[in-house]
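Comments concern the structure below.
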Amino acid sequence: MERGTTDPARDAALPDGTAAVPPPALGGLLDGLPRPRAGAAGPAAAPAPPGLSPARPRRLVPTRACPRCLVPTPAGTPFTVAYAAVLAVTSLVAALADPALVHALQQGSSTDVAHLVRTPLLVLPASALWIAGGIVSPYAALFVLVLTALERRIGGVWAAGVFLAGHVLATLATEVPVGLAVLAGHLPGSSLHRLDYGISFGVATSTGALAGLLRPRLRWPALALTAWVLLTGLASGTDPLTGWGHVIALVAGVAAWPLVRRRHRAVRTPPPLRHT
């Protein structure tokens with residue numbers, strides 16, 4: 001078979017018996033391989049597929065203890081800040097307004113059986129606009145601390161949902177038995193107008209839900225301390241219905257662990273690429 005033009009240097013053999021390939025031939029073989037850019041320290045990242053663009057990464061929520069994370073801010077915890085502002089206003093009204101007017105306002109937003117039968121959609125949220133004991137109540141400080149930590153982990157909408165769900169559930173769980181007891185003749189008719197308002201049920205539920213997002217070394221002491229305080233109040237017998245409501249609200253928060261944990265993982269996970 002005809003070879004064409006020959007070159008002694010091209011036909012020279014290597015010590016191991018193989019044919020030597022000159023640099024020009026190697027260059028031709030390497031022309032089809034991608035070359036790294038100058039200054040690249042490693043392999044380049046794969047580009048996004050056609051039609052997809054990288055989404056803006058979400059701000060990850062810190063999981064370690066952070067003192068600054070316990071301070072509510074309008075940008076970081078809008079629900080907590082707005083709700084705290086409303087509670088501050090109603091607390092000032094309760095402290096400075098005429099006592100008769102304050103009693104009328106609180107009675108009108110009370111979640112007693114009579115109001116729950118007539119206007120449940122009005123009194124259930126309205127009763128959570130007052131703090132029993134005013135702005136100096138321990139529940140006011142717990143509200144800010146617990147809701148701030150919870151909202152930073154699951155977002156404002158979910159934090160509001162947990163709070164309001166616990167408030168509504170514990171209210172119905174304590175007031176419905178009162179109505180049934182009145183119908184059965186075990187309680188007087190005046191029990192249908194029992195003054196019932198405050199944020200303690202929502203705070204207890206939020207505390208129970210937040211415990212599920214803490215590390216075990218913080219979760220169980222916090223949960224045990226909260227349960228001990230609530231059970232002590234229940235055992236005192238001062239207000240058994242409210243005491244049972246606090247316990248029910250805390251249990252509801254613990255029951256919400258699967259939901260809040262799933263939401264917390266979703267907040268921390270960066271979103272996938274989105275189509276353009």
Side-chain angles (χ1 to χ4, degrees), residues 83 87 90-91 94 103 105-135 137-147 150 159-184 186-212 222-257 259-260:
Y83 199 172
L87 293 174
T90 57
S91 297
H103 178 75
L105 292 174
Q106 293 178 345
Q107 185 66 53
S109 57
S110 172
T111 49
D112 53 54
V113 178
H115 282 114
L116 287 175
V117 171
R118 294 196 302 265
T119 56
L121 298 180
L122 174 62
V123 295
L124 280 171
S127 62
L129 301 179
W130 303 89
I131 304 179
I135 200 67
S137 170
Y139 285 105
L142 285 176
F143 169 86
V144 174
L145 293 176
V146 171
L147 264 294
L150 184 62
V162 170
F163 183 93
L164 294 177
H167 172 74
V168 171
L169 177 63
T171 298
L172 296 178
T174 52
E175 292 296 339
V176 170
V178 172
L180 297 177
V182 171
L183 291 177
H186 300 301
L187 289 177
S190 59
S191 299
L192 299 176
H193 304 278
R194 189 178 72 94
L195 192 62
D196 186 16
Y197 64 90
I199 61 172
S200 58
F201 290 166
V203 171
T205 302
S206 301
T207 302
L210 176 62
L223 194 60
L225 177 61
T226 304
W228 179 79
V229 171
L230 298 184
L231 290 175
T232 301
L234 176 62
S236 66
T238 304
D239 190 351
L241 286 178
T242 301
W244 278 112
H246 290 154
V247 174
I248 293 171
L250 180 64
V251 172
V254 173
W257 282 4
L259 295 176
V260 296

Min side-chain heavy-atom separation Leu124-Thr111 under 4.5 Å: yes

field: Partner residues of Phe201 under the ring-ring contact (aromatic ring centres under 6.0 Å, His included) criterion, sequence neighbours left out
entry: His246

- line: One should read off an interatomic distance between His167 NE2 and Ser200 OG, to the nearest 0.5 angstrom, of 9.0 Å

task: Could you tell me the separation between the CG atom of Leu241 and the CG atom of Leu234, rounded to the nearest 0.5 Å?
output: 10.0 Å

field: Heavy-atom pair of closest approach, residues Phe163 and Val203
entry: CE1-N, 3.6 Å

message: Is any side-chain heavy atom of Leu87 closer than 4.5 Å to one of Phe143?
response: yes

query: Nearest heavy-atom pair of Ser191 and Val178: which atoms, and what distance?
result: O-CG1, 3.7 Å

message: So, taking the atom named CD1 in Ile199 and the one named CG in Leu164, what distance separates them when rounded to the nearest 0.5 Å?
response: 11.5 Å

task: List the atom of Ser206, the atom of Leu150, and the distance in Å for their closest heavy-atom pair.
output: CB-CD2, 4.0 Å

- prompt: Can you check whether Ala249's main-chain N or O pairs, donor with acceptor, with Thr205's side chain at less than 3.5 Å?
  reply: yes

message: Show me the pairs that pass salt bridge (charged side-chain N to carboxylate O under 4.0 Å, His left out) and involve residues 186-197, at least two apart or across chains.
response: Glu175-Arg194, Arg194-Asp196, Arg194-Asp239

- prompt: Would you say Trp257's side chain and Gly208's backbone share a donor-acceptor pair under 3.5 angstrom?
  reply: yes

query: Are the side chains of Leu180 and His186 in touch, meaning some heavy atoms are under 4.5 Å apart?
result: no

- prompt: Can you find a heavy atom in the side chain of Leu116 that is under 4.5 Å from one in the side chain of Leu172?
  reply: yes

Euclidean distance, Ser236 OG relative to Leu231 CG, rounded to 0.5 Å: 11.0 Å

task: Might you point out which heavy atoms bring Val260 and Ala209 nearest each other, and give the distance in Å?
output: CG2-O, 3.9 Å

- prompt: What's the spacing between Ser127 OG and Asp112 CG if we round to 0.5 Å?
  reply: 10.0 Å

message: Quick check against the 3.5 Å criterion: does His193 have a side-chain atom that pairs as donor or acceptor with the backbone of Ala114?
response: no

query: What pairs with Leu169 under side chain to side chain contact (heavy atoms under 4.5 Å, CB included), at least two apart in sequence or on another chain?
result: Ala252

message: Using 0.5 Å steps for rounding, measure from the CG atom of Leu210 to the OG1 atom of Thr226.
response: 9.5 Å

- prompt: Would you find a donor on one side and an acceptor on the other, under 3.5 Å apart, between the side chain of Thr232 and the backbone of Trp228?
  reply: yes

statement: Ala126 and Ser109 have their tightest heavy-atom pair at CB-CB, 3.6 Å

message: Using modelled atom types and a 3.5 Å cut-off, is there a donor and acceptor pairing between side-chain atoms of Thr90 and backbone atoms of Leu129?
response: yes

